[in-house]
Protein chains: 2
Amino acid sequence: MDTRAPAAESPWLPFESRRRARDEKREAVLRTAVQLFLEQGYHRATLNEVAERLNITKPALYNYFRGKDEILFECWAMGLELVETSTAAINAAGGSGLDKLRKMARAYGGLMATDFGASLVRFDVRDLGAKHRDIVLAGKKSIDRTFRGYITEGIADGSITPCDPKMTAFMIAGSLNWIGHWYKRDGTMTPEAIGETFAMQLTDGLAVRPPRKPRTTKQHTKR
Amino acid sequence: MDTRAPAAESPWLPFESRRRARDEKREAVLRTAVQLFLEQGYHRATLNEVAERLNITKPALYNYFRGKDEILFECWAMGLELVETSTAAINAAGGSGLDKLRKMARAYGGLMATDFGASLVRFDVRDLGAKHRDIVLAGKKSIDRTFRGYITEGIADGSITPCDPKMTAFMIAGSLNWIGHWYKRDGTMTPEAIGETFAMQLTDGLAVRPPRKPRTTKQHTKR
DNA sequence: ACTTTTTATTACCCGTGGGTAATATACGGG
DNA sequence: CCCGTATATTACCCACGGGTAATAAAAAGT
């Protein structure tokens, strides 16, 4: 009667044979939800459709989450966790401030091309309850501090030219965050490649620097 | 009976003396709406509250707009118009690709600190009807083309070091777009100052360049 | 095999908010 | 002064979707 193929990879096979572990299912809900939220936007996405994609019905979701906003929060939590893992590795590896900043740009930029990574910038904290919102805001603040930290560190150790760490962090994080808004899987560039490109260009600059003798700045005579 | 002070500057004085021109009112609706949309997010903001802030009632809004989504669209239209005005001025002024890119960064960055400017990046095109959505997407595409154009121009005229214009445009526009997400009026920096800072740093780079003789890249021996 | 617990289903509630119909009030012109 | 038009108001509709209660079916325990 219903000949639709089952959604990609749901632990709930269309009928019966449901015996996987609880955590696996919870995670599956999350994966499906984050996808739908990104696809349609949090408010347009309905729990009914999340459930449908998993071959279950809406109330079943309430076995794993207290409500829609908790699912949203968990998406954020996943993203934050990924970032923390990255920063931990970077801090452990050591190096100059510039080194760390570049590694961070690469890692963070790559994350922005993943579902849970994009969650960090595509969703709205105002959709969360006060409690969860505070947690997320703290996480975001921590990320910001990390960026600023690497920059001040870099200025101190001479690997980065003096600048306002706050503004520069906003600038770099902003351009990386934006990846979460435009990146589509169909693109030719892999997330890592994008992260790499951004990391280099953000820290390398654009303007041509006159190698030594700056020829009088305006010599673009012919048109 | 109702002793509340009338909202800031509404053409509708609490009772009577409503005779201002239609366009003025339409614009007032727009200004109030965009503020509320930014404050609370499009979906949480209600037309009832928009109306309330203007000392009128919801159905009165329908004298000026066909629906909520049309109001949203007009916010976008305002923002797009502002950008177009800027680019027109920049193109008229001429200069090298780098010059134009810097001017654009300054102008666009400043716009991101305004309500209608922020509309361009804080709202979701998926909230629009197909027709309006297409218009907005076309506008965004045009902005992207402008950035890319200045970059390719700059590469051609030698003011910008060779790079992938697409990626670089994403990078610069991204960091500027992000201003629309974090800028708050209470900050110490004026929008123009931010635009200026970003314009310079984005095009100047961060990494210390060894003035001439690069001393063997790793000399951060002590700690 | 029986009971208990977990997990799912069906059926429903109901708050919210965009949108509309019917109506009233003000304004401008003849 | 009266009428037509523009603009506002009150009162309402109703679709949508998050959330819940009651119940059934399956797993797990003994």
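In what follows, chains carry the letters A, B, and so on, assigned in the order in which the sequence lines appear, proteins first and then strands, with residues in each chain numbered from 1. All of these numbers come straight from a predicted model, not from anything done at the bench.
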Output all residues satisfying salt bridge (Lys or Arg N to Asp or Glu O under 4.0 Å) with [X], sequence neighbours left out; order by chain, then residue number.
X: E81(A); answer: none
X: R44(B); answer: D124(A), D127(A)
X: R185(B); answer: D115(B)
X: D144(B); answer: R148(B)

Look at the side-chain N and O atoms of [X] and state whether any lies under 4.0 Å from the OP1 or OP2 oxygen of [N].
X: N63(A); N: dT6(C); result: no
X: K25(B); N: dT7(D); result: no
X: R22(B); N: dT7(D); result: yes

How are the rings of F37(B) and F123(B) set relative to one another: parallel (under 30°), tilted (30 to 60°) or perpendicular (over 60°)? perpendicular

Does K131(A) make a cation-pi contact with F73(A) (under 6.0 Å, within 45 degrees of the axis)?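 Output no; distance or angle outside limits.
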
Could you state the atom-to-atom distance from [atom1] of [X] to [atom2] of [N] in whole Å?
X: Y64(A); N: dT6(C); atom1: OH; atom2: P; answer: 12 Å
X: E52(B); N: dT10(D); atom1: CD; atom2: C1'; answer: 16 Å
X: I56(A); N: dT6(C); atom1: CD1; atom2: P; answer: 18 Å
X: L61(A); N: dT7(C); atom1: CG; atom2: P; answer: 13 Å
X: L36(A); N: dG17(D); atom1: CG; atom2: P; answer: 11 Å
X: F65(A); N: dT7(C); atom1: CZ; atom2: P; answer: 13 Å

Enumerate all atom pairs, one protein N or O and one N or O from nucleotides 16-22 of chain C, separated by less than 3.5 Å.
from    : atom 1 : to     : atom 2 : distance (Å)
dG18(C) : OP1    : A45(B) : O      : 3.4
dG18(C) : OP1    : K68(B) : NZ     : 2.9
dG18(C) : OP2    : L47(B) : N      : 3.0
dG18(C) : N7     : K58(B) : NZ     : 2.8
dG19(C) : OP2    : Y62(B) : OH     : 3.0
dG19(C) : OP2    : K68(B) : N      : 2.8
dG19(C) : O5'    : Y62(B) : OH     : 3.3
dG19(C) : N7     : K58(B) : NZ     : 3.0
dG19(C) : O6     : K58(B) : NZ     : 2.7

Sequence-distant partners of T85(A), side-chain contact (heavy atoms from CB on, under 4.5 Å), two or more places apart: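 For T85(A), no residue satisfies side-chain contact (heavy atoms from CB on, under 4.5 Å) once neighbours in sequence are set aside.
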
The criterion is side-chain contact (heavy atoms from CB on, under 4.5 Å); which residues satisfy it with A193(B), sequence neighbours excluded?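 So A193(B) forms a side-chain contact (heavy atoms from CB on, under 4.5 Å) with M189(B), T190(B).
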
Got a sec, which residues hit ring-ring contact (aromatic ring centres under 6.0 Å, His included) with F198(B), two or more places apart in sequence or on another chain?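 Testing F198(B) for ring-ring contact (aromatic ring centres under 6.0 Å, His included), a comparison that skips the adjacent residues, returns none.
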
Degree of bending in the helix from dA1(C)-dT30(D) to dG30(C)-dC1(D) once both end axes are built from five pairs, to 10°: 10°

